[in-house]
Amino acid sequence: MIPKPPVLELLKLEVGFPGAPIVKGIDLKIEEGEKVALVGESGCGKSLTAFSILRLLPQAARITGGQVIFDGHDLATLPAHELRRIRGKGIALILQEPMTSLNPVLPIGLQVAENILQHEKLSRRAAKERVIELLDLVGIPNPRERYTMYPHNFSGGMRQRVMIAMAIACNPRLLIADEPTTALDVTIQAQVMDLLEDLCSKLSMAMLLITHDLGAVAQWTDRVAVMYAGRIVETAPIAPFFAGPQHPYSQGLMNSSVDDGWHYSSHRLTEITGNVHSALGERGCAFAPRCPLAAPGCRETPPPLELAGPDWHVACYRRAEAMAPSPVAASH
Amino acid sequence: MGLLRTIRRTALQALPTMFGIVLIAFILLHLMPGDAVDAISGMSGSSSQETMEEMRAAYGLNDSLPVQFIRYVAGVFTLNFGMSINYSAPVLDVIMERLPATLTLMFTAFVLALSSGIVIGWAMAVFAGRWVDRLLTAGSLLLYSAPNFWVGLMIIVYFSAKLQLFPAGGAETIGADLQGWAWFTDRLHHLVLPSCALAAFFVAIYARLTRAAMLEVLRQDYIRTAHSKGLHPMLIQFRHGLRNALIPVTTVAGLHLGNMLGGAVVVETVFNWPGLGRLTMNALAARDTQVLLGILLLSSIAVIVTNVLIDWLVSWLDPRIRS
Amino acid sequence: MSLLATDPNDRPRLRLPKSLRNPLFVLAVIVLLGVLVMAVFAAQIAPYDPLDMVNMPFLWPFADPSSPLGTDQLGRDLFSGIVQGSRATLLVGFSSAVLGLMIGTCVGALAGYFGGWVDIILMRVTEIFQTMPTLLLIIVILAIGNPSIPLIAISIGLAAWPMIARLARAEFLSLREADFVMAARALGYPTGRIILREILPNALPTLIVGASVLVANGILLESAVSFLNLGDPNVVSWGSLIGNGRTQIRSEWYLSALPGVATVLTVLSLNILGDRLTDILNPRSGERS
Amino acid sequence: MSLLDVENLRTAYTVKGKTFYAVDGVSFSVGAKETVGLVGESGCGKSTLGKTVMRLIEPASGKITLDGHDIATLPEAQMRPMRRKLQMVFQDPYASLNPRQTIWQMLETPLKVHGVADPAERRRIIEAMAEKIGFPKASLQRFAHEFSGGQRQRIGIARALILEPELVVCDEAVSALDLSIQAQILNLLVDLKREMGLAFLFISHDLSVVRYISDRVLVMYLGKIVESADHATLWNSPRHPYTRALLSSVPSTDPAKKIGGAISGEISTKIPETGCRFRARCPIAEARCALEAPELKTLPGGNAVACHLA
């Protein structure tokens, strides 16, 4: 059996602002129909990575190196008009803030229809019918009446559903969701994520979920890539990852998250000391200044991602020590 | 239904403003030393005390201030602004005779300023940071800094005196007695320089506003959403960008109308335009208080009415206001 | 912005803001300083009294070294006129701006901070002043009294404050709800302290930029007023010089052009200054971008 | 008697001429040194409740009793001395610090306002507080924008604690922070609570955080408290259907433990005229839920729930 090529492959992707590299060489594969989470704290470059796939970076930011392979094309260098054929059709995007990601002065029906009319030869009338079906599919009641309504008539959760309808309008093979539920309440988050999960399997669509919420990762994705200061430090299927992450940063994240049943009276949270800024000017592993296991060697060159298990890669020189029962891990 | 409600709400908002303006104008003009009768007698130089008192009584100038004020307010509501002493005619007639010329000038200048301002501002935003933007920014900053009467004089020097392309003053060729199309083109020909002089400053304002609004809009998430759908950049610029950017620009455009009227007064003086500007200067010289008061009131009404129109325009552009 | 994280501790603490290194900005400051020096030392710099006939009439600029910028129809020296005229122009521009800034800030601050009825009433008054065409209002005020520099400044200030009031109100309205103001209230700071020490310093940059526009506007309005011959006939200002040249505009156009250039340069510099002040005055300007 | 007693508190908002109550008849109490969590989705009125207790928003009716004094209607001048006992930590560490003041000024002003006249005394208090939050003395002369989000939140906490209050309202105090920083701040709050004997009213939408830090939890829905319980009971046997829905929506970090089906619908700004406010989304609602509004009934053991069917 010949393995199918991945839907998307990032090769040594580097993104940055002039004089400030943010994403420092990322390798990431997303297989057909796979849901991959890119996890990290604010400022680690996860959103820039997501935006760079469709070259939707903020004004000054640039892809400074590497490739973005989709469907045999390198999106990083593809001419703009060809890239436009992939945007919305091959790869779709959902943004974090449903309040601002829809145009406030256009009816939502038109905004969804725009996507269809751009990529498919359909009459306006047929497109409208398609939009109504889509709105229905994402769980918007009375889609026909809602077609001509404006975003301000919708609640946050409903707007995010409109965004999802827009994203799946042309059956994309990959959906990039940048913190799609951060601005939503927890009950709405569950609704929206369940919907996305459902649509992924119905439409055999792959998903790249950008998030900082480990719970969402565990619940709704297949594989996780942990990012720290512009590099992926660990990537693994979720089951083994949540059973025992190998990178000290992943371990730190797990320990500082408030787990089920912990209470302040009996359990002190494990902190990762310092903050992300500590990595500035670091030549070696960016996590070294905050790492409890850092050795002098860690501060020379950044560790490469190495195979650490089935489909499991970790970028850490001290992986062996991190896996050994340590005082950090033993405290709970 | 919605329209009626809007009209009622607007009227309720505009009335106190109007009343305040009447009050302020009345107070200001009664602070003037000497009254209209003094002015007339000063001009003729021969009126006796007696005739002056008769005139005062005839014009109601001997009544107490509150009485004069109440009479005036009542008059305003019936569009009766009193008599012009200088012209011996109702103020409304005197003003109405000049108003069309001023309105023509202002309307032309406003349309010119808004349309070219938006186009220039949009170009500046699209090429932000590049030489086109820098050039246009410098140009608009220059226009923004120049007194309009000076701009008027300079374009007279160049386009009228040197190139002899346009007439330097007046609203029509005097004594030509033109009809139909020839009359129209003659009018238009006279309109070019004054309206450009009046528009210059506002072109700069609207261009700067459009640029800022457009840059702000282009940073928004929904622009990124639009790009993520693979839409053509031009479509995004117009349907998603400009449409949103026009909301603040239009809103602010309304706030500048009062300024433009003030500007018209000066520009009319430069170009001998037979409008309210010249009437103001004449009334001032003759201490024709009723006319000055009338001009101030009527132009304020004009500003209020235009602002209502602008509000409607904005609510048409912005569905959030509509609901 | 969450995408960009720079270590605040590594940022050099004393660095010239970018705008201070901008040549246009430097030029604008130099022009303004030049005009200021000219106005202050006008008596020393100007060779003649600008109202005296000192030379042949209608001398073109550079024709006679004793009147480098030429003379008008009465043989009055234009260079002296421009130098002396800068006094009236700047004086009116700045003092009207100060007046406008004071009225506008007070009205806007009270309306924005207290809201409710105070806001409704004060904003109504602001609207009344904003609806009346500025120049007409100034003309009427000038018609009341004897035209003099202080009256011109006062009338311009009275007509121009609504712009500042709106700016101040918007700033106070949003800052009133800011968390740090909430914190100040939670800590029991007196209202006066909250307005003056917590909100005002944060609103000030916007107001100062607004004031630079006010000065520019004041200069433009003053020149319009003098151009219309409503100014003090015994004081030369740039506007009156332009107005004086108007009768010879087709032949001796330099009489209007040169004082106009002086006006444009000054106002332009003020506008450039205002444009750049925004990022100089913002302590967090490095944080954004 | 508790440290804070809130009785039948209502807070009114007027939007487009219509009045509605963001907080509608809420009663609860916070004991000395107790941490009471307040959870609910955005728009449920929890933040308004916090600000009303702080007297940053005027209550429409009801009583707020702090240490035996009703502060609900105290004029600001008489409120001032009470504010020493009652302080607040805000959500956004960027908006809650005045960008034009140094950290020192921010910590010194409350002392000045509350009558600590001796500069040496103020210095001593500020330096002691700086040590508590882990700030070197030298950094106190710097401005807020020179610090990271977590450091700023420490400053915000220090400012709230400088007057040594008895009760601190934490309004989403860790919600804006990254996970690793969140743990630091939570630990700091716990340490300070133990050290200074603080009581907290801990407002958050994040159930895991509330569960970790609270002794007792109030669940709020559309302006009303629907359940009040000690932390162990609430998580082990939630009574109100809304609480249950809320708890089952929180994704677990254990991939094997899939969360229960999400409840439908969204919190709406339209409050039903009669009956239970949750009934439109409630999976077990009956006919009478539309007619009668359930009271908050106290159960044996001190917990309380507002549901006909619980």
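Residue numbering restarts at 1 for every chain, and letters A, B, ... go by the order of the sequence lines.
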Next item on the list: Specify which of D:M54, D:E76, D:Q101, D:M88 makes the most heavy-atom pairs with chain C at under 4.5 Å.
Entry: D:Q101

Checklist line | Flag, side chain of D:Q141 to backbone of D:T102, donor-acceptor distance under 3.5 Å | finding: no

Check: Heavy-atom distance under 4.5 Å to chain C: side chain of D:S139, backbone, both or neither?
Finding: neither

Next item on the list: Please determine, among D:G149, D:P165, D:A77, D:A95, the option with the most heavy-atom pairs under 4.5 Å with chain C.
Entry: D:A95

Next item on the list: Check whether any side-chain N or O of C:R87 sits under 3.5 Å from a backbone N or O of C:A39 as a donor-acceptor pair, and report yes or no.
Entry: yes

Notebook entry, point to check: Using non-hydrogen atoms only, which part of D:L97 is less than 4.5 Å away from chain C: side chain, backbone, both, or neither?
Noted result: backbone

Notebook entry, point to check: Hey, is the main chain of D:S180 close enough, under 3.5 Å, to the side chain of D:D178 for a donor-acceptor pair?
Noted result: no

Note to self: Below 4.5 Å, heavy-atom pairs only: which of D:K112, D:R55, D:R84, D:Q87 has the largest tally toward chain C?
What the structure shows: D:Q87

Next item on the list: Check whether D:M106 gets within reach of chain C through its side chain, its backbone, both or neither, counting any heavy atom under 4.5 Å.
Entry: backbone

Check: In terms of side-chain heavy atoms, does C:S223 have a donor or acceptor partner in C:T263 at a distance below 3.5 Å?
Finding: no

Notebook entry, point to check: Between D:F202 and D:F200, how do the two ring planes meet: parallel, tilted or perpendicular, split at 30° and 60°?
Noted result: perpendicular

